[in-house]
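Every number for a ligand or one of its atoms is a count from 1 in the order of the listing. What's counted below: heavy atoms across the whole structure, side chains too, no hydrogens, waters or symmetry copies.
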Amino acid sequence: MDVSALQKVRYTYKPKLPASLCGGIDDIAVELGSPTEAAADRDELREIFKKTYGKPLAHFVRGKNDRIRRELKVGVILSGGQAPGGHNVIAGLYDGLKKGNPASELYGFRGGPSGLIENKALVFSGSQIDEYRNTGGFDIIGSGRTKIETPEQFASSLETAKKLGLHAVVIIGGDDSNTNAALLAEYFEKAGAGIQVIGCPKTIDGDLKNEYVETSFGFDTACKTYSELIGNIERDANSAKKYWHFIKLMGRAASHIALECALQTQPNICLISEEVEAKGLSLDQVVDHICASVARRAENGENFGVVLIPEGLVEFIPEMKKLIRELNDAMAEEAEEFAGISSFIDQIYWLSRRISEPSYKALQSLPPEIARELLMDRDPHGNVQVSRIETEKLLTGMVEKKLAAMKSAGLYKGKFSALGHFFGYEGRCAFPSNFDADYCYSLGFSAFVLIASGLTGYLSSVRNLTAPADQWIAGGVPLTMMMNMEQRHGSKKPVIRKALVELEGKPFKAFDAVRDIWAVKTSFLFPGAIQYFGPPEVCDEPSKTLKLEHTP
Ligand code: FBP
């Protein structure tokens, strides 16, 4: 296989592991804490997860574990959007299994959860794993967004696992995929199949975190990649001095990526969806906020700037949030009928009889291309595909109009020329940073220890991540502990609670303390490309979010 010079050298990188996993394989024991409770809606969740609710927290210590040498067959799934480091989770899991018992086997399910449902599996060889060590992407087996949902899909998943003689399945995914992992663990337990299920916290969005999951993997690399690009654009803007760049950033509902990139690059404006919602800002007020900065900078002769926009913004603007909720419900309740309506005009007419008057007005006030984007298919988990809504265009159009009105009123004298960008897919398959390479390998290895120790319904967890890797704390968090009930597809479902940006949290506070200066004075920072070789303060630094959240 032809590989780049960087890839060749990255093969030789040895990921760092927590001390509890570094010794001999016979010296890794599990310590269990007290029973746990769900994040909310405990009675309902106890009913749904009769077999797996309330398990204790687990962490690894040096000690004897007589189960670790068992011969095991394990299947692994990459689920949902790509995130840098997925290959290292698989490598860590593979190496753990082989260290435990060279006869153990790791199966990879192709194309996401559908690979388990349809029994599309391969057995990994050592040389195949070696070709993917420390590389980005999920291409070793591919990913997919199928949700294991129907009774038939659960039954086929069990059938596949039984047919292959699996002891366990590892699902590498975000909040929705790990909710699926919890449901599958419960199903296998109810069926008395003795097949364990372990999840791994993946998503560039950074919204799968809590007291025990400090960050999801991929967030670090994706943010560093976007920040490099934003820094380059800032420098271009500061050189040419003629454009305002409106940059939408992936992250789905959460604004963690936008906030982290803002901390790394110091743009003029970074919108935070969670703040927009908390303050109940309308779309017009968001536009006013941007225009105020454009006008102030124009007074200083600076007709250029950078605005960061979290991709989920529209879902947090109260009138839009209401509209999207009503659209989701209407489109889910009569999904087949809606799917049969081909023209946009007919879709709008159909909706006019199903959504409230204010929502209908909000829909009609949008530029037609944005309204069309709001009516596109939901993902298999019922979410609006916010990556396909061109919020950057919506905002530039509205800012342009508002500035023209301000000019007529003598309130603005500058020139405004805007360019739109969307950074998302560019960062999801980058070579993992050293942080993600180490973290992911440790997560995969931990998943092996959880399996070997006979645990099911857990999320592999590695904590204390701002300390050097040997001080990281590895173990497992019960999946039900992170759950609550939420409205999905028109009914209440158990889901892992999404962690959104906390306005009282340290990362937001750090941003809030300086953003008014950035809004007027050019304060750009240029972080440059991710460095893989060199001094640790350049190569091994975790994200600013993680450092702010976890450094006392
Ligand atoms: P996950 O939640 O599955 O990790 O995916 C995250 C994400 O990258 C979002 O940031 C983005 O909105 C979405 O995936 C895009 O989905 P798709 O890859 O299906 O276009």
Aromatic contact between Tyr187 and Phe154, with the criterion being ring centroids under 6.0 Å apart: yes or no?
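Yes - the distance between ring centres of Tyr187 and Phe154 falls below the 6.0 Å cut-off.
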Are Lys248 and Phe422 in a cation-pi contact, defined as NZ or CZ under 6.0 Å from the six-membered ring centre and within 45° of the axis?
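Judged by the rule, Lys248 and Phe422 form a cation-pi pair.
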Near ligand 1, at a heavy-atom separation below 4.0 Å: residues by chain and residue number:
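Residues near ligand 1: Gly80, Gly81, Arg145, Lys202, Thr203, Ile204, Asp205, Met250, Gly251, Arg252, Glu311, Ser387, Tyr425, Arg428.
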List the atom of Cys261, the atom of Cys223, and the distance in Å for their closest heavy-atom pair.
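Between these two residues, the closest heavy atoms are SG-O, 3.8 Å.
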Expected output: side-chain Gln153 to main-chain Thr150 donor-acceptor under 3.5 Å:
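Yes, Gln153 side chain to Thr150 backbone: donor-acceptor pair under 3.5 Å.
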Over 60° means perpendicular and under 30° means parallel, so classify the ring planes of Phe524 and Phe526, tilted if in between.
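Rings of Phe526 and Phe524: perpendicular, over 60°.
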Before giving the answer on side-chain hydrogen bond (donor to acceptor under 3.5 Å, both in side chains), spell out for Asn232 and Glu234 the whole-Å C-alpha distance, their side-chain angles and the decisive distance to 0.1 Å.
CA-CA 5 Å; Asn232 295 349; Glu234 287 179 339; over 6 Å; no
